[in-house]
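The figures that follow rest on heavy atoms only: side chains count, while hydrogens, waters and symmetry mates do not.
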Amino acid sequence: MLVTGKVHKVGAHIDTDAIIPARFLVTTDTQELGANCMEGLEPGWVKRVQKNDIIVADENFGCGSSREHAPLAIIGAGIPVVVAKSFARIFYRNAYNMGLVLLEVGDDADRLNDGDTLEVDLDAGQIKNLTTGETVICAPVPQSMQDLLDAGGLVPYVKKRLAEKR
Amino acid sequence: MSHNLAEKILQAHTDEEITRAGQIVTCRVSLVLANDITAPLAIKSFKGMGATRVFDKDKVALVCDHFTPNKDIDSAEQVKVVREFAREMNVTHYYEGGDCGVEHALLPELGLVGPRDIVVGADSHTCTYGGLGAFATGMGSTDIAGAMALGETWFKVPPTIRVEYEGVLEPFVGAKDLILHLIGRIGVSGALYRALEFGGPVIDNLSIEGRMTMANMAIEAGGKVGLFPADAKTLAYCAAHGRTGDKALKADPGAVYEQELSLSVTGMSPQVACPHLPDNVRPVDELTNLRVDQAVIGSCTNGRIEDLREAAAILKGRKAHKNVRLIVLPATPKIWRQAMDEGLFSIFMDAGAVVGPPTCGPCLGGHMGILAGGERCIATTNRNFRGRMGSLQSEVYLSSPAVAAASAIAGEIINPAKL
């Protein structure tokens, strides 16, 4: 799958309170959460985002609480992929469970600038920076995560497991 | 093969042989937890999975503690979803209202968690139960929904960082200072994807409550779990809280660690995490002229009876500064009653404190103590992210109950030894 979009660059240790502050956790609706994506980082942040845009972050993106509302808010904002030097553990599981793709690229994240246009090849694990002409290779998505993505997320995966048990 | 604590517990819950860190294993879980924020999403996923019953009605805990007593219509609607699900599934351990407390203080008190258990919770501070020797970790709602349906989940066996403490604790220095100091040293991603395992003479002497305070903040270093051995003290705690059959637990001789740290606590002063990350830690004496508008004593980190006693010892016969709102939130009804019976409330109220109900409340900026722009709070909670307790222009400093109480009296952040 190919995704083409503009980079929105954020810093290190972007926490889940920055991604979706607790006051917005009174809903489970993806679109409503998306309307407040990154509201704890900068009020009105989401207004700059267009469908298929990409967040590029420094290390430990998604640290803090276990709220699944965080990846949902990102998906709800129309962002299908987050690229970062590294991700926080709970956020990592949540993202794949929800169908948000995370690409870990280490220090290569520094080669992707705010406003650059990227073409991300999810199958090849490759990011083409259309603005600079550079290419960044991502760590491969682990097999167990790929299985989840192939199943369409954790919900259909468990559904299948439950059906097998019956 | 020799196993460290994390490997040993995981091995007890899987049929696969654990041979290395990084291995992915499926484990049976002892308890599955969610709260009023995370359960509604978990329920949505659970139904989407086509699940019609929970794997074991006695092994699911639903604790409505974050926005309760319900702060507004939306939060009341969320709790209603959880309540109806609990009834439909005949869940034994459902809590709201008069029997409800902050989940990570409540479940140990009810004897629902103990050594060798695997506990997964849709709350990042689920790692608290590591203080009892449980492999306890936070996950998202959908992972929790899967665990509620199947009674199992997958884990990547984490590499372990072993932390040994030796030396003698100074006055007014305790568990909170130890964990803040460690987070300051290794950073908020210092234990990312890893287990922390604690040991050494200082840990042996630490109370179970203190161990839970430390385990609680493992996640603040990015850790998956913060594990303590289960010793005679642990077993006594578990027995006193109605559990039977628990056995001592320690790492095997020759267990493998990715990293081993040995830290001396002698000479360590009280520690404070400054805005806006829990690893921005400094000794309290380095902080000067930091007036505070609010002091919060409570939460899953420091809302237990020992914490309230520590605060009361400082506050006794003194008054909070006229510019400081002092808020005390005992973490469970049992702790609340105990504090009342011990006369702690008289001390708090004489000091001008508000004593509130058990709730996560202000810790996550929910309610009961939200900060305005430009305000500063000293809190015994666990996170000081920007805007965590209210306005994006407010500041949260994290400390022990003793430092928070002393700062409330002084009107600025202060070492209790200087009162």
Side chains of [X] and [Y]: does their closest heavy-atom pair fall under 4.5 Å?
X      : Y     : answer
B:T137 : A:I90 : no
B:D123 : A:S65 : no
B:T38  : A:S66 : yes

**Report entry** Residue selection (most heavy-atom pairs with chain A, distance under 4.5 Å) from B:I24, B:L150, B:I144
**Finding:**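 Greatest number of close heavy-atom pairs with chain A: B:L150.
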Requested in this report: Considering only heavy atoms and a distance below 4.5 Å, find which of B:G138, B:G365, B:G146 pairs most often with chain A.
Outcome: B:G138
Report task. Count the heavy-atom pairs under 4.5 Å between each of A:T27, A:N60, A:N94, A:T16 and chain B, then report the option with the highest count. Result ->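 Most pairs with chain B among the choices: A:N60.
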Report summary line: Whatever's closer than 4.5 Å to a heavy atom in chain B on A:F87 counts as both
Do [X] and [Y] have side-chain atoms, one donor and one acceptor, less than 3.5 Å apart?
X     : Y      : answer
A:R93 : B:T153 : yes
A:N97 : B:D143 : yes
A:R67 : B:S124 : no

So which atom in [X] and which in [Y] form the shortest heavy-atom distance, rounded to 0.1 Å?
X      : Y      : value
A:V158 : B:A149 : CG1-CB, 4.3 Å
B:L277 : A:H13  : CD1-CD2, 3.8 Å
B:Q78  : A:T28  : OE1-CG2, 4.0 Å
B:F67  : A:A22  : CZ-O, 3.4 Å
A:E68  : B:L41  : CB-CD1, 3.7 Å
A:V26  : B:S75  : CG1-N, 4.2 Å

To the nearest 0.5 Å, what is the distance between [atom1] ([X]) and [atom2] ([Y])?
X      : Y      : atom1 : atom2 : value
B:F55  : A:L162 : CZ    : CG    : 12.5 Å
B:L392 : A:L41  : CG    : CG    : 9.0 Å
A:S86  : B:Y193 : OG    : OH    : 6.0 Å
A:R23  : B:D72  : CZ    : CG    : 13.0 Å
A:R89  : B:K156 : CZ    : NZ    : 11.0 Å
B:S141 : A:L72  : OG    : CG    : 8.5 Å

Would you say [X] has more than 12 foreign heavy atoms packed within less than 6.0 Å of its [atom1]?
X      : atom1 : value
A:K128 : NZ    : no
A:R48  : CZ    : yes
B:K57  : NZ    : yes
A:Y157 : OH    : no
A:E42  : CD    : yes

Heavy-atom contact with chain A under 4.5 Å, split by part of [X]:
X      : answer
B:L364 : both
B:L192 : side chain
B:K224 : both

Report task. Would you confirm whether B:R388, through its side chain, and A:D17, through its main-chain N or O, come within 3.5 Å as a donor-acceptor pair? Result -> no
**Report entry** Carboxylate-amine/guanidinium proximity below 4.0 Å for A:R161 and B:E152
**Finding:** yes
